[in-house]
Amino acid sequence: MADTALAPPPRSPLSHAADRLAAATRASRGAIRLAELPFLTQVNVRLDAKGAAADAVGLALGLQLPLEPDTVVRAGQSTALWLGPDEWLLVGPPGREADWESRIREAAADEPVSVTDVSAQRTTLLVTGSHARDLLAHGCPLDLHPRAFEAGRCAQTTLGRTQVVLVSRDEPRAGFLVLVRSSFAGYLADWLLDAATEYV
């Protein structure tokens, strides 16, 4: 007989920290906002940026792959991050993994392409507020001044000694996305909360 028991809903890597992130946000009175954006679709794509597949994939997704190093292209709720000369990370709302993989493989046709669903590998932290840049600068070796790391930029870097992908969002006052491996998410949340005490 088939097992009809319902599976428990998935737990995000930072579900245990949600209350503390919200409390720090309230206490800072707008200086810092910290929140997890769980379960985002994240798909790693590798292909020849100069080949026909790059344009075909962009058209199939309605999202052009950025060709300039450390840049971001956004279309609606989907974002493409440049990670290397032949590597991108696609980020979007939950549940798009299978659709994106199918579209990419079909668009690439006979061109060599690698498509890997890495959604479960990382979670995403939203860091916004008037002092978001200052908070991140405490533990990031990059120059985060707006002239050096402007809106629409991304980088693979470290934050609080943790490997992350950092994205400067292009919406007004939208702050940053910090993509961190799930196994390090709790540590990074603790680091951010400790660093945020300066603003509460």
Quiz prompt | Candidate pair Arg181 and Gln121, rule side chain to side chain contact (heavy atoms under 4.5 Å, CB included), full reasoning | solution = CA-CA 6 Å; Arg181 289 186 185 273; Gln121 183 187 61; 2.8 Å; yes

Quick one: [atom1] on [X] to [atom2] on [Y], what's the gap to the nearest 0.5 Å?
X	Y	atom1	atom2	result
Arg103	Leu63	CZ	CG	11.0 Å
Leu159	Leu136	CG	CG	5.5 Å
Ser130	Ile32	OG	CD1	7.0 Å
Phe176	Ser168	CZ	OG	4.5 Å

Under 3.5 Å, is there a donor-acceptor pair linking the side chains of [X] and [Y]?
X	Y	answer
Glu198	His138	yes
Ser119	Gln42	no
Glu36	Thr123	yes

Does [X], at its [atom1] atom, have more than 12 non-hydrogen atoms belonging to other residues, nucleotides or ligands within less than 6.0 Å?
X	atom1	value
Arg133	CZ	yes
Glu106	CD	no
Arg33	CZ	no
Arg29	CZ	no
Gln77	CD	no

Quiz item: Any Lys/Arg nitrogen of Arg105 or Glu111 sitting under 4.0 Å from an Asp/Glu carboxylate oxygen of the other?
Solution: no

Quiz item: Is it true that Arg153 and Asp70 have a side-chain N and a carboxylate O under 4.0 angstrom from each other?
Solution: no

Practice problem: Output the rest of the hydrophobic cluster of Leu126: all Ile, Leu, Val, Met, Phe, Trp and Tyr residues reachable through side-chain heavy-atom contacts under 4.5 Å, sorted by chain and number. | Solution: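 Under the 4.5 Å side-chain rule, Leu126 groups with Leu37, Leu40, Val72, Leu81, Leu83, Leu89, Val91, Val118, Val165, Val167, Leu177, Leu179.
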
Tell me which donor-acceptor pairs under 3.5 Å the side chains of residues 188-196 have, and how far apart each pair is, sequence neighbours excluded?
from   : atom 1 : to    : atom 2 : distance (Å)
Asp190 : OD1    : Arg20 : NH1    : 3.2
Asp190 : OD1    : Arg20 : NH2    : 2.9

Practice problem: Return yes if some donor-acceptor pair links the side-chain N/O of Thr25 with the main-chain N/O of Leu34 below 3.5 Å, else return no. | Solution: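 The answer is yes, because a donor-acceptor pair under 3.5 Å joins these two groups.
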
